[in-house]
Number of protein chains: 2
Amino acid sequence: MPFEKNASMGFVTNRLARLFAQHLHARIAPLGLAPAQFMTLLELWEGDGLTQAELTDRLDVEQATMANTLARMKRDGLIERTPHPQDRRAQLVWLTDKARSLEQPAKQAAHSVNQMALAGLGEADAAEALGHMNTMIESLREKPG
Amino acid sequence: MPFEKNASMGFVTNRLARLFAQHLHARIAPLGLAPAQFMTLLELWEGDGLTQAELTDRLDVEQATMANTLARMKRDGLIERTPHPQDRRAQLVWLTDKARSLEQPAKQAAHSVNQMALAGLGEADAAEALGHMNTMIESLREKPG
DNA sequence: TATATGAGGATAGCATGCTATGTAGATGGA
DNA sequence: TCCATCTACATAGCATGCTATCCTCATATA
């Protein structure tokens, strides 16, 4: 067969993603954060008052996934939601003080995981890898499903 | 802040892994397979009669994850389990004819997803990306947790 | 041999993600 | 104005993964 799992980009990507998630989880769990919550906060720290739909677009997850993540974040006191002033279907998502206070430590945690992963690569290698991965993302985004 | 999510290796890896999983899922679902089942079959097609512990080692997932995946595979008629002849705690995992018949079409599906992802890269680029990703995997494996 | 420790598995509980649906409000015509 | 269609969210159901426990059997050691 022409299929060698250790040379399969999909297989290797899955393994690497799980390792990243495990390390990130270990470092932000003490802050009371989970990985998807952190990812969502990255967007909100840039500016809150967004709708669920806007967050869904920017983070490239499905609407249902974001709905559940936001529900857990509200439960955990990281966000509040207010009615949208022009659209009664929508709500705006706002950061709590607690969530604001976590920006620096959480970003530091994520940064250190990235540094750990990149320890064996030079800066040029890292940029190269990132570039290739973004190329693959573009290729796979073209024809969804 | 020193953190730009679009330049974060962890962020990009997560996005790429989800895209791979979505495409693979779409292509093997018609065969009655899910991604983790396919990954497990890749090992078993090389030779069955393995214990859960051996599969856990080779695929780098946690024991509980493999236990659940094997339970679903048995439910779906992909594997059978027999008592280990020397160790009453363990069981051996065997492929069913159904699972054997899926080897070629499933590998072809996975291969085509990889090809699609690599469409924008030359062979040298792909090898380079794979190499860098394996380097990162090694770095993250060193200090678990 | 008796006991402590280890190894193989199963199960519970939870977070992420996805697809598929359902509901209510918004909107653009006929 | 009325209706078809769209859009914003919520919910259900399921697969993966992980950590934490628990049980049983295997093994090494006192």
Side-chain angles (χ1 to χ4, degrees), chain A residues 10-11 14-30 32-40 50-57 59-76 78 81-93 144-145, chain B residues 10-11 14-30 32-40 50-57 59-76 78 81-93 144-145:
Chain A
F11 194 93
N14 171 273
R15 176 87 183 96
L16 183 57
R18 285 188 289 116
L19 281 166
F20 266 115
Q22 285 170 45
H23 283 274
L24 181 63
H25 177 271
R27 293 187 191 230
I28 63 178
L33 292 180
Q37 297 179 346
F38 170 66
M39 183 176 82
T40 305
L50 303 175
T51 63
Q52 181 189 110
E54 286 170 328
L55 285 166
T56 297
D57 277 351
L59 294 174
D60 267 313
V61 294
E62 290 303 312
Q63 175 263 319
T65 300
M66 183 54 67
N68 284 324
T69 297
L70 290 176
R72 283 186 291 269
M73 291 175 77
K74 182 166 181 182
R75 177 202 63 191
D76 296 345
L78 296 168
R81 307 181 79 169
T82 62
H84 189 291
Q86 274 87 47
D87 189 335
R88 280 191 296 160
R89 294 168 303 178
Q91 301 165 65
L92 302 180
V93 177
Chain B
F11 195 94
N14 171 273
R15 176 86 185 95
L16 183 58
R18 284 188 291 117
L19 281 168
F20 267 113
Q22 285 170 45
H23 283 274
L24 181 63
H25 177 271
R27 294 187 189 231
I28 63 178
L33 292 180
Q37 296 180 346
F38 170 66
M39 183 176 82
T40 306
L50 304 176
T51 63
Q52 181 188 111
E54 287 169 328
L55 285 166
T56 298
D57 277 351
L59 294 174
D60 267 314
V61 294
E62 291 302 315
Q63 174 263 320
T65 299
M66 182 55 67
N68 285 323
T69 296
L70 290 176
R72 282 186 291 269
M73 291 174 77
K74 182 165 180 183
R75 177 202 64 190
D76 297 344
L78 296 168
R81 307 181 79 169
T82 60
H84 189 292
Q86 273 86 49
D87 188 334
R88 278 191 297 160
R89 295 168 302 177
Q91 301 164 65
L92 302 181
V93 177

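Here is the naming used below: chain letters follow the sequence lines, and residue numbers restart at 1 for every chain.
Side-chain contact between A:Leu70 and A:Leu55: present, with at least one pair of heavy atoms (C-beta onward) separated by less than 4.5 Å. Two residues are said to be in side-chain contact when any heavy atoms from C-beta on lie closer than 4.5 Å; A:Thr40 and A:Met66 meet this criterion. Residues B:Phe11 and A:Leu59 have side chains in contact (heavy-atom distance under 4.5 Å, counting atoms from C-beta outward).
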*With the sugar-phosphate defined as primed atoms, P, OP1 and OP2, and the base as all remaining atoms, what B/S/- string results for nucleotides 8-17 of chain C, 5' to 3', for protein heavy atoms under 4.0 Å?*
SBBB---SBS
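Pairs of Watson-Crick or G-U wobble type, with distances under 3.5 Å, assemble into runs of 3 or more in DNA chain D at these ranges: C:1-30 with D:1-30.
Nearest approach of B:Pro35 to B:Ala21, heavy atoms of both residues: CG-O, 4.3 Å. Minimum interatomic distance between B:Leu92 and B:Pro85 (heavy atoms only, all atoms of both residues): CD1-CD, 3.9 Å. The shortest non-hydrogen separation linking A:Gln37 to A:Asp76 is NE2-OD2, 3.1 Å.
The distance between atom CG of A:Leu24 and atom C1' of D:dC18, rounded to the nearest whole Å, is 14 Å. Here C:dA7 presents its P atom at 18 Å from CG of B:Leu55, a figure rounded to the nearest Å. Rounding to whole angstrom units, CG of residue A:Leu50 and C1' of D:dC9 are separated by 16 Å.
Defined by atom type and a distance below 3.5 Å, a donor-acceptor pair is missing between the side-chain atoms of B:Arg72 and B:Asn68.
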*Determine, stepwise, if the pair A:Gln52 / A:Gln63 fulfils side-chain hydrogen bond (donor to acceptor under 3.5 Å, both in side chains).*
CA-CA 8 Å; A:Gln52 181 189 110; A:Gln63 175 263 319; 3.2 Å; yes
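Applying the 4.0 Å criterion to OP1 and OP2 of D:dT24, one finds that B:Arg88 has every side-chain N and O outside that range.
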